[in-house]
Protein chains: 2
Amino acid sequence: MHPVDHHRGAGRPATALLNRKRITDAAMRLIRSKGPDGLTMAGLASALGVSAAALYNHADSKNMILRWVEDRLMQMIDVSAFGEIDWRSATIVWARNYWRVMRDNNQFVEAIAKTPIGGAPQTIAMYEAVAAGLLAGGWPLERIVPAIIAIESFIYGSAFDAQAPESLLDPGELSADAPVFSRAVGHYRSADYNVAAEHTFEDGLAALLTGLALSAGVRG
Amino acid sequence: MHPVDHHRGAGRPATALLNRKRITDAAMRLIRSKGPDGLTMAGLASALGVSAAALYNHADSKNMILRWVEDRLMQMIDVSAFGEIDWRSATIVWARNYWRVMRDNNQFVEAIAKTPIGGAPQTIAMYEAVAAGLLAGGWPLERIVPAIIAIESFIYGSAFDAQAPESLLDPGELSADAPVFSRAVGHYRSADYNVAAEHTFEDGLAALLTGLALSAGVRG
DNA sequence: TTGCTAAATTAACGCCGTTTATTTTAGGCG
DNA sequence: CGCCTAAAATAAACGGCGTTAATTTAGCAA
């Protein structure tokens, strides 16, 4: 009986079409399928069967939606190790989880990295858990934030590169100007990245923690 | 005698107004003064006293211009130590230079990070120098790329640590849900980090190199 | 001299995030 | 029950962005 079925005129519908969950879900689906730049307000709206302006009844901006996505990701990172084991082991467990989430969701990371930082609830909750764990482990307050920043940046850098090898370099182009490096890239490519990348990450993380603890005067 | 002085009509001028150097210089000046998002084709053109379309006679895209900027940065990183001293000392000198360039030019790094990666010539040249240095130092080929990745991730991580993200968080909002973290942020804001950050970097780098060399079976 | 190419202008295009105005509905209150 | 306000949608537009097309002018080679 409904005339053309699809075309809804102006005006509030009987039951709401949008909410935060639906928007976040659709945004993540879009990023997954179309890549980091695949999320546009128009595209998101059409995926939700809605006009773009309707989104602004629920989110102040695209950045806010990206923060919802960020929050979903952060929720996946397990911080339960803090408070159960010593700070160094707990930090390693946390960082490893963090890194895996980033590695497995690199499209999201790229999308989020382009937006100004905002403290979404789950993100802050994670920071709080880490900060409390470090404090309990004997870290001085003023060294906690720099340490977290350094670890986080290292995680992002490693996660990014863990997925980068394909885009790394076109061996044909550079073999003339960079013979050694192009051979090294060739060897790296033929190995098993997932294993190699995880090794690289673990080694680097251990080294970073040692350095940070040293300069903070903490032992562990 | 020139009528209004400023207004040049259409047509090729007697002497060219643009070249790669001028464009890159102006782009870097713009990013420095207006931040990572301050570089627009229109703004760049007007800074050069030229129409936006004129830029496309010299660069295929904005991304290409950003790669020129990246190349300038990479050019600033001194790799001459490789081949002069042992691999470990040379790597430390190189990484320290790299880190300082990143720390002192953070706007550029942010701007570049938002663009798809492209292997700019100087970037590749730097990798080649490092790879050759490590190979000469006894590193096995297949361990070179992972080592560079780990070191680079560490450099980026430490460089981000060094510069204070002033926008980090609004302490008022989060003190309820994140008491420890908000106190840590407060302490972080009020300290002197340039010195501490450099210490963190040097200590961490030394530890990282030891860890990498160990797992690669190299001595140094 | 003629023609080709390079380097500039002017004008436009399409996409993006966002805003404003309008319409319709739901829900609370007398 | 009727009214009013707030909420949730549409429609239409805006300004800014990167980029392209068409045109104009200058230098240079045959």
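Excluded from the calculations below are hydrogen atoms, water molecules and symmetry mates; all remaining heavy atoms, backbone and side chain alike, are included. Each chain gets a letter, A, B and so on, in the order its sequence line appears, and its residues count up from 1.
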State whether A:Arg8 places a side-chain N or O below 4.0 Å from either non-bridging phosphate oxygen (OP1 or OP2) of D:dT10.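 The answer is yes; a side-chain N or O of A:Arg8 sits under 4.0 Å from OP1 or OP2.
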Phosphate oxygens OP1/OP2 of C:dA6: is one of them under 4.0 Å from a side-chain N or O of B:His58?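 So the side chain of B:His58 is outside the cut-off, no N or O lying under 4.0 Å from OP1 or OP2 of C:dA6.
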Taking atom types as they are modelled, is there a donor-acceptor pair under 3.5 Å from the base of D:dA7 to the side chain of A:Asn57?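 It does not, because no donor-acceptor pair links the side chain of A:Asn57 to the base of D:dA7 below 3.5 Å.
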Nearest whole Å is fine: how far is [N] [atom2] from [X] [atom1]?
{"X": "B:Met41", "N": "C:dA11", "atom1": "CE", "atom2": "P", "result": "20 Å"}
{"X": "A:Leu17", "N": "D:dT10", "atom1": "CG", "atom2": "P", "result": "7 Å"}
{"X": "B:Leu48", "N": "C:dA8", "atom1": "CG", "atom2": "C1'", "result": "13 Å"}
{"X": "B:Ile23", "N": "C:dA7", "atom1": "CD1", "atom2": "P", "result": "10 Å"}
{"X": "A:Arg20", "N": "D:dA8", "atom1": "CZ", "atom2": "C1'", "result": "16 Å"}
{"X": "B:Asp37", "N": "C:dC16", "atom1": "CG", "atom2": "P", "result": "18 Å"}
{"X": "B:Asn19", "N": "C:dA6", "atom1": "CG", "atom2": "C1'", "result": "14 Å"}
{"X": "A:Leu55", "N": "D:dA9", "atom1": "CG", "atom2": "P", "result": "9 Å"}

Locate the shortest heavy-atom distance separating A:Ala59 from A:Trp68; write the atom from each residue and the value.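 Between these two residues, the closest heavy atoms are CB-CH2, 3.8 Å.
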Between [options], which nucleotide gets closest to the side-chain atoms of [X]?
{"X": "A:Tyr56", "options": "D:dA11, C:dG17, D:dA9", "result": "C:dG17"}
{"X": "A:Arg12", "options": "C:dA26, D:dA9, C:dA8", "result": "C:dA26"}
{"X": "A:Ala53", "options": "C:dT10, C:dT19, D:dA9", "result": "C:dT19"}

Contact class for [X] (heavy atom, under 4.0 Å): base, sugar-phosphate, or nothing?
{"X": "A:Ala14", "value": "sugar-phosphate"}
{"X": "A:Thr40", "value": "sugar-phosphate"}
{"X": "A:Ala54", "value": "base"}
{"X": "B:Leu39", "value": "sugar-phosphate"}

Carboxylate-amine/guanidinium proximity below 4.0 Å for A:Asp25 and A:Arg29: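 The answer is no: the pair does not qualify as a salt bridge.
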Donor-acceptor pair, side chain of B:Asn105 and main chain of B:Phe108, under 3.5 angstrom: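 It does not hold such a pair.
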Whichever of A:Ser51 and B:Thr15 has its nearest DNA chain D nucleotide further upstream toward 5':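 Looking at the nearest nucleotide for each, A:Ser51 comes out on the 5' side.
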Taking the six-membered ring where the residue is Trp, are the ring centres of B:Phe181 and A:Tyr127 under 6.0 Å apart?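 Yes, close enough.
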Describe, in one word, how the ring planes of B:Trp99 and B:Phe201 are oriented to each other, choosing from parallel (under 30°), tilted (30 to 60°) and perpendicular (over 60°).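 Parallel: the ring planes of B:Trp99 and B:Phe201 meet at under 30°.
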